[in-house]
Trainee: 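I have a structure here, written as structure tokens, and I will follow up with some questions on it.
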Amino acid sequence: MGSIVGIIACDIILTILITISVFCFATSQKKRSIRDSPDGRGKLPSTMSKKKTAEITESPYQELHGVQSDVYCDLQHFRK
């Protein structure tokens, strides 16, 4: 019984330490990006600024071209 309590206590302690370290890392990165920017508003990644200036013309998705009833007709044959 004591080993189970020890495992649970260690798990809780490690979870808290990981949470604190992630929080500290995230806040230091945020402070660094604000400090390094010339106007103090934070720095956008270069890909974000490129997306704003250049219009994206290609879409990774295929556009729909009307109703394709042949797929549904094939399904009707399987039901019979």
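Predicted model, so just to flag it, every value in this text is computed and none were measured. Along the sequence shown, the residues carry numbers beginning at 1.
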Trainee: Closest approach of T19 and T15, non-hydrogen atoms and distance?
Mentor: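 Minimum heavy-atom separation between T19 and T15: OG1-O, 2.8 Å.
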Trainee: Answer yes if I13 and V5 sit in the same cluster of Ile, Leu, Val, Met, Phe, Trp and Tyr residues linked by side chain heavy atoms under 4.5 Å apart, and no otherwise.
Mentor: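 I13 does not cluster with V5.
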Trainee: What distance do I16 atom CD1 and S21 atom OG have between them, rounded to the nearest 0.5 Å?
Mentor: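 Answer rounded to 0.5 Å: 12.0 Å.
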Trainee: Spell out, yes or no, whether F25 and L17 are grouped together once hydrophobic residues are joined by side-chain heavy atoms under 4.5 Å, including indirect joins.
Mentor: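 Per the 4.5 Å side-chain linkage, F25 and L17 are not co-clustered.
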